Amino acid sequence: MSIELSEQEIIRRESLKEIINLGIDPYPAALYEVNARSEEIHKKFPEDNSLFQEISMAGRIMSRRIMGSASFAEIQDEAGRMQLYFNRDEVCPGEDKTLYNTLFKRLLDIGDIIGVKGYVFYTKMGEITVHVKEFTLLSKSLKPLPIVKEKDGVVYDAFSDPEQRYRQRYVDLIVNPQVRETFKKRTQLTNSMRSFLNEKGYLEVETPILQPIYGGAAARPFKTHHNSLDVTLYMRIANELYLKRLIVGGFDGVYEFSKDFRNEGMDRFHNPEFTQMELYVAYKDYEWMMNLVEEMVEKIAIDTNGTTELKVGENLINFQRPWKRYTMYEAIQHFTGIDVSEMDEAQMAETAKKLGVEINPTMGRGKLIDEIFGETCEPKLIQPTFITDYPVEMSPLAKKHRSKAGLVERFEAICNGKEICNSFSELNDPIDQRKRFESQLELGKRGDEEAMVLDEDFLRAIEYGMPPTAGLGIGIDRLAMVMTNSNSIQDVLLFPQMRPEKKAAVLSDDDFLAIGVPAEWIPALRKAGINDVTLLKAANPNKLFNDLCGMRKKLKMEVAPPTLDMVKAWIG
RNA sequence: GAUUAUGUAGCUCAGUAGGUAGAGCACAUCCCUUUUAAGGAUGGGGUCCUGGGUUCGAAUCCCAGCAUGAUCACCA
C-alpha cells in the first residue's frame, strides 16, 4: 500500500477545494429532513401515484449517467436505491447554471452523500424516479468506492475479496446489500430470542466480563491485569457460574447475551470473541429445556426467514418441532455400529484407534467418548438433533443422571454438523460439585489445558442451596450462520478478528523538510519507496541519486536534477 | 501450528519460453442529451505484496517473509 494518493483521490480532493471555493460547505452541520425512503416509495407509489409529490430524501450516490442538460443518478439509503432525475433548468431556474454544470456534473462523485427535494414520477422507461428540484451536498467522499453492477440478478465486478470485505466492513456494507441483510437478520434473531425469553418472564442480566477466576466452560482464557487492584483478571469464557449464583439469589429465570472470549485457534467456525446466550431456569430439568430450545429455535426460524425450512449450503434444514433425539451412546452405535456404553477407558481408547480417531494420553474416558462422537457422528447430523446423556467426566457442572450411572443429564443440539447449544440439569449438590472440580484439577495436572479451575466462591454460593435448575448455552454466531446461510463465522460478525494491518511508518512532509530535503523532492523520494527515516538512512546514496534522476524524468519534474552531495547530505 | 492456493490499476480479473504490463468498470476531457450493468471518441492511471537469490535482464524462475482463503490440527 502506497501512502501516495491515487489519481482519483487527488481529483476528489481538488473537487473538494473547488466546492469550498464556490462557497458550498461540503460537510454541512445542519440536519437534513428525510421524509421518504427508497423502499417505501417503491412499495407505495405504484398503488397511488398521487403520493410522494413533495419529498425530501437523502443517500449516497451510487451511479450517475450524465447527458448534457439532463442526468440520472441513483442514491442509496438503508433499504435500497432510488433513481433521481436532474434537469439543468429545474435545478438552476435562473441564469446561473453553476449548481448543475459545475457542482453536480463535475464536482460530485459516486460515493458522495446528498439530499434531494422533489417529486416522484415514472420515466419513459417506466422506472420510479425522483424528479429533483433542489439538491444539497451533505458529505463529500474522498475515496472511490468499488463499483458493483447488477443486471437481472447477475452481479458484475463484485467486491468480493474477503480481506478487504472484513477489514473495511463499511465498504462491504455500502456495496453489498446482501451483507446488510445478513446483519439485519442477525439482529432479528436476537430480538426474537429476547422477546421469547421476556415473554416467559425471565430476567435479562449483566455479569462480569473481567473475572478473577474463569469458569463455566473448558477453554483457554485471555489474561489481563488490573493495575490498582494489582490482580490478574481473565476475560470470561462463559458466564454460567455467575448466572447460577443469581439462581441461588432467588431469581427464577435469568439470561444474558454474553460476549465470551477464548484464546484459541481461529477458523470459519471460531472467532476469539463470540456471543452466547445463556439461560438458567429454576425448578426445571434438561428434558424441559429441550422442549424450550425446540420451541425457541423454531420461532426464530419463522421470525427471521418466515419458514421453518431453510436452505443452508447444500442442505435443506427443517426446524419444525419435534427434533430427533439420540443419547450419545445411541448416536455412536447408530453411526458406527459399536456399543461403547459398557467400555472402560482402555477399551474405549482401543475403539477410538480402530475408528481412526486421534487420541492422546491426557484423555480420560469421557473425553474419549466425546472424541469418538465428534469424529463419527457430529458431521453427519444435519437436521436439528438433540444428543443426550453425556459421560460425567466431561461435564463437571451437570447433574448426575437420575437413572443411568456414569452419565449426566445433558444435551446438545446439533445442526448442520455443528453444535448450536449445550444444556444440562445443573449440578446443585455442593459436595459432588467440589469433587467434580477436584477431578478437573487432576485432569489439569495430566496436561489438559482446558480443565476447569476450582471456584470457591461458586461452591460457597451453592452451599447455601440452589434449586434444581436447567441451564442452557446457545451459540448466537453459529445459529446466525445457519439462519443466514453463511458459510463462515466472519460473515455474521460485523468486525471479525483479523491480523493487524501492517502500516508503513510514514514520514510527513515536515519530517523530510527537517532532514533537509527540499519540498520539491519529497514526492520523488516517496515514489522511490523512501517512506521512513531508517529506509532513508540505510539507502545507498549512489543508488538513491540515480533513482531520483529517474523519478525526475518519470514525474516530469521541472526542477534541476539533484546532486550526489545533496543526496548524501540527507542520508547524513 | 501444518499443508496448499492466491496476492498485477480505485474495483473485478487477464497475461508473459524471463525482454519497459493489458481488459472491463471507475476516473479525466470533448461530443450527445430522458438513461437503465449502457451512448460515442480520446486520454491519464501500476514498487505486477515485501525482501533476498539466479540472470545481461525478474512482475514472470527459486528461497524467505507478510497478508488472505481453503483443508487439517486445536477448539464442546
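Just so you know, these numbers come straight off a predicted model, no measurement behind them. All chains are named by letter (A, B, ...) in the order of the sequence lines, taking the proteins before the strands, and each is independently numbered beginning at 1.
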Using 4.0 Å as the upper bound for N to carboxylate O, is an ion pair formed by R81(A) and E150(A)?
no

Starting the side chain at C-beta, find the nucleotide from U36(B), C25(B), C11(B) nearest to F159(A).
C11(B)

Do Y280(A) and T469(A) have side chains that approach each other closer than 4.5 Å (heavy atoms only, starting at C-beta)?
yes

Let's see if you can work this out: which of G69(B), U36(B), G44(B) has an atom nearest to the side-chain heavy atoms of Q490(A)?
G69(B)

As a test of reading the structure: which of A28(B), U36(B), U34(B) is closest to the side chain of I11(A), going by heavy atoms?
A28(B)

Under 3.5 Å, is there a donor-acceptor pair between the side chain of S395(A) and the main chain of A398(A)?
no

Using atom CG of D161(A) as one end and atom C1' of U6(B) as the other, report the distance to the nearest whole Å.
10 Å

Backbone N or O of S15(A) within a donor-acceptor pair of the E18(A) side chain at under 3.5 Å?
no

Toward the 5' end of RNA chain B, by each residue's nearest nucleotide, M394(A) or K149(A):
K149(A)

Between the protein and nucleotides 40-42 of chain B, list every N/O to N/O distance that falls short of 3.5 Å.
none

Near Q178(A) CD, under 6.0 Å, is it more than 12 heavy atoms from other residues, nucleotides or ligands?
yes

For the residue pair I420(A) and I414(A), establish whether any side-chain heavy-atom pair is separated by less than 4.5 Å.
no

With nearest nucleotide decided by heavy atoms, which residue, F72(A) or S63(A), maps closer to the 5′ end of RNA chain B?
F72(A)

From the list U36(B), G69(B), A73(B), which nucleotide is the closest neighbour of the side chain of P162(A)?
G69(B)

All side-chain contact (heavy atoms from CB on, under 4.5 Å) counterparts of P26(A), not counting sequence neighbours
L16(A), I19(A), I20(A), L137(A), K140(A)

Residues of residues 81-89 of chain A with any non-hydrogen atom less than 4.0 angstrom from an atom of RNA chain B: list those, numerically ordered, please.
Q83(A), Y85(A)

Exceeds 12 heavy-atom contacts within 6.0 angstrom, atom NZ of K133(A):
no

